[in-house]
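What's counted below: heavy atoms across the whole structure, side chains too, no hydrogens, waters or symmetry copies. Residue indices begin at 1 and follow the sequence shown.
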Amino acid sequence: MQEPLKPLSYTTSDDLELHRALMNAANTYLARRGDHRFANAAFIGKLLLLTLLCLIFYVLSLCQTSFWGFAGAYGAFIFIAMSLAVNVIHDASHNVVFRRQWANRLLNIVVSIPLGMDPDCWRVRHILFHHAHVNVQHYDLDIEENGVLRQSPFHRFRFFMRAQRFYWPLVAALTFPCIIWFFDWRDRAGKTPVTPKMAAQGAAGWLIFLLSKALHALLALALPWLLLTPAPLSAGALLLVYLASQMLASLIFVVLILGSHWAKATFYQPPEDGIIRHGRYQHTFATTVDWHTRPVWLGYWLGQLNLHLTHHLFPNWNHRHYPALAQIIAEVAPRYGAQYQCVTLAQILRTQQRFLQKMGEGPPDGESGPEPTRAHADRRDGQ
């Protein structure tokens with residue numbers, strides 16, 4: 001079991017006025033509509049539609065008589081499974097689909113089976129590490145040092161990272177397969193800081209974990225293998241289609257979400273005393289942006305993933321409210337010295353390339369050594 005990280009705190013007094021103003025405006029918006037912050041009938045309808053489409057394409061894949069017919073239907077099945085994760089697992093992890101926590105957990109377990117990621121591992125990584133400490137070295141596990149991609153000025157530099165802006169799509173594409181078959185297992189086995197914070201511990205936790213992985217393997221691999229081999233495809237072809245489908249879904253997801261935090265290129269070292277000298281709201285505005293979709297309706301099917309700053313400021317609200325909340329942020333934040341940014345997808349993609357190129361150049365002194373010392377706490381790169 002890894003040693004627990006030292007707790008970090010923020011200077012909350014810096015945020016009080018902005019927090020109150022945003023909450024008052026958001027609550028006024030709800031009161032005016034006679035609404036609540038959880039899912040509504042339209043959200044449940046989208047959940048059921050995506051589930052039905054996922055099932056239809058899965059069944060179609062099992063009825064194919066050619067390799068390409070199977071690959072097309074199966075790829076659509078995995079793509080829609082990714083859409084379910086984006087639209088449902090994200091909100092259920094924040095307990096904003098249903099009012100009952102157990103109902104959100106159960107929904108997460110069921111909906112995550114087609115894609116294969118463990119929802120408890122993802123929930124802890126996303127909420128308790130990423131949301132709590134965006135772009136903070138060692139604390140935000142989304143920028144965990146992996147020796148392949150340098151995504152922080154505090155990561156070690158290796159010579160091949162000079163080319164990372166060219167090979168990074170491959171890293172992004174391999175994210176889902178690595179999470180499903182490697183990182184989830186490390187988290188459950190106690191090899192990361194994630195394990196102690198999981199909702200299900202001990203034998204019960206392992207039972208739920210192994211059962212969900214077994215059901216994913218049965219659904220995604222075993223049944224197609226039993227029904228479709230040796231014709232119209234071999235076991236090797238099945239594994240190839242499975243991996244390619246997971247990689248494509250992973251590439252789309254990672255490209256869309258990482259740019260929201262790379263755009264500002266602002267990163268922090270944890271201070272020695274564990275106190276970050278600014279508030280959480282200031283930290284969020286310094287590390288995250290929104291981006292808008294064209295056409296606008298595309299954001300609806302992306303689970304409003306593009307309104308990522310809004311999500312970080314209102315994580316306990318269902319994503320159906322994000323367009324309205326983004327307008328509230330744009331109106332309220334400037335009054336308190338906070339800059340709201342909503343960029344285009346093209347700007348996000350260009351920023352990703354500039355950021356990866358800059359990180360690939362290595363430290364300013366050209367040395368490839370260990371990460372900077374803690375004397376550089378609160379250093380900002382690229383701002």
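R320 has no carboxylate O lying under 4.0 Å from a charged side-chain N of D91, or vice versa, which leaves the two without a salt bridge. Classification of E144 and R125 as a salt-bridged pair holds, one side-chain N sitting under 4.0 Å from a carboxylate O.
The aromatic rings of H36 and F38 sit tilted relative to each other, their planes meeting at an angle between 30° and 60°. Note: H308 and H261 have perpendicular aromatic rings, judged against thresholds of 30 and 60 degrees for the angle between ring planes. In this pair, W122 and H90 present their aromatic rings perpendicular. The plane angle is above 60°, beyond the 30 to 60° band. The aromatic rings of H131 and H312 sit parallel to each other, their planes meeting at less than 30°, with 60° as the upper class boundary. The aromatic rings of H278 and Y10 are tilted relative to each other, their planes meeting at an angle between 30° and 60°. Ring geometry for F160 versus Y167: interplanar angle of 30 to 60°, hence tilted.
Taking NZ of K197 as the start and CG of D187 as the end, the distance is 13.0 Å to the nearest 0.5 Å. Of the inter-residue distances, the one linking R156 atom CZ with N146 atom CG reads 12.0 Å to the nearest 0.5 angstrom. With values rounded to the nearest 0.5 angstrom, H319 atom NE2 is found 10.0 Å from L307 atom CG. The distance from the OH atom of Y242 to the CD1 atom of I180 is 4.5 Å, given to the nearest 0.5 Å. Atom OG of S83 sits about 11.0 Å away from atom CD1 of I89, to the nearest 0.5 Å.
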Starting from the C-alpha separation in whole Å, work towards a yes-or-no answer on ring pair (Phe, Tyr, Trp, His ring centres under 6.0 Å) for F267 and F355. CA-CA 12 Å; F267 296 84; F355 171 77; 5.7 Å; yes
Between W168 and V148, is a side chain to side chain contact (heavy atoms under 4.5 Å, CB included) present by the stated rule, with each step listed? CA-CA 9 Å; W168 102 270; V148 178; over 6 Å; no
Can you list the steps and then say if W262 with W291 is a ring pair (Phe, Tyr, Trp, His ring centres under 6.0 Å)?
CA-CA 12 Å; W262 286 355; W291 56 275; over 10 Å; no
Under the criterion side chain to side chain contact (heavy atoms under 4.5 Å, CB included), I'd like the reasoning laid out for R188 against D120: C-alpha separation, chi angles, the key distance, then a yes or no.
CA-CA 9 Å; R188 176 54 64 182; D120 203 7; 3.8 Å; yes
Practice item. Evaluate the ring pair (Phe, Tyr, Trp, His ring centres under 6.0 Å) criterion for residues F129 and Y139: first the C-alpha distance (whole Å), next the side-chain angles of each, then the deciding distance (0.1 Å), finally the verdict. Key: CA-CA 6 Å; F129 286 92; Y139 287 77; 7.9 Å; no
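Here the closest non-hydrogen pair linking A92 and N104 is O-CB, 3.4 Å. Across every non-hydrogen atom of N306 and H292, the tightest pair is ND2-CA, 3.9 Å. Listed here is the closest heavy atom pair of P232 and Q64: CG-O, 3.7 Å. The shortest non-hydrogen separation linking F154 to Y268 is CE1-C, 3.6 Å. Nearest heavy atoms, L107 versus V97: CD2-CG1, 3.8 Å.
Here the two rings, on H138 and H155, have centers that are 6.0 Å apart or farther.
Residue-environment remark: CD (Q357) exceeds the threshold of 12 foreign heavy atoms within 6.0 Å.
At a threshold of 4.5 Å between side-chain heavy atoms, the hydrophobic network of Ile, Leu, Val, Met, Phe, Trp and Tyr places W301 and F77 in one connected group. Side-chain heavy atoms closer than 4.5 Å link hydrophobic residues (I, L, V, M, F, W, Y) into clusters, and following such links, even through other members, never connects Y340 to V343.
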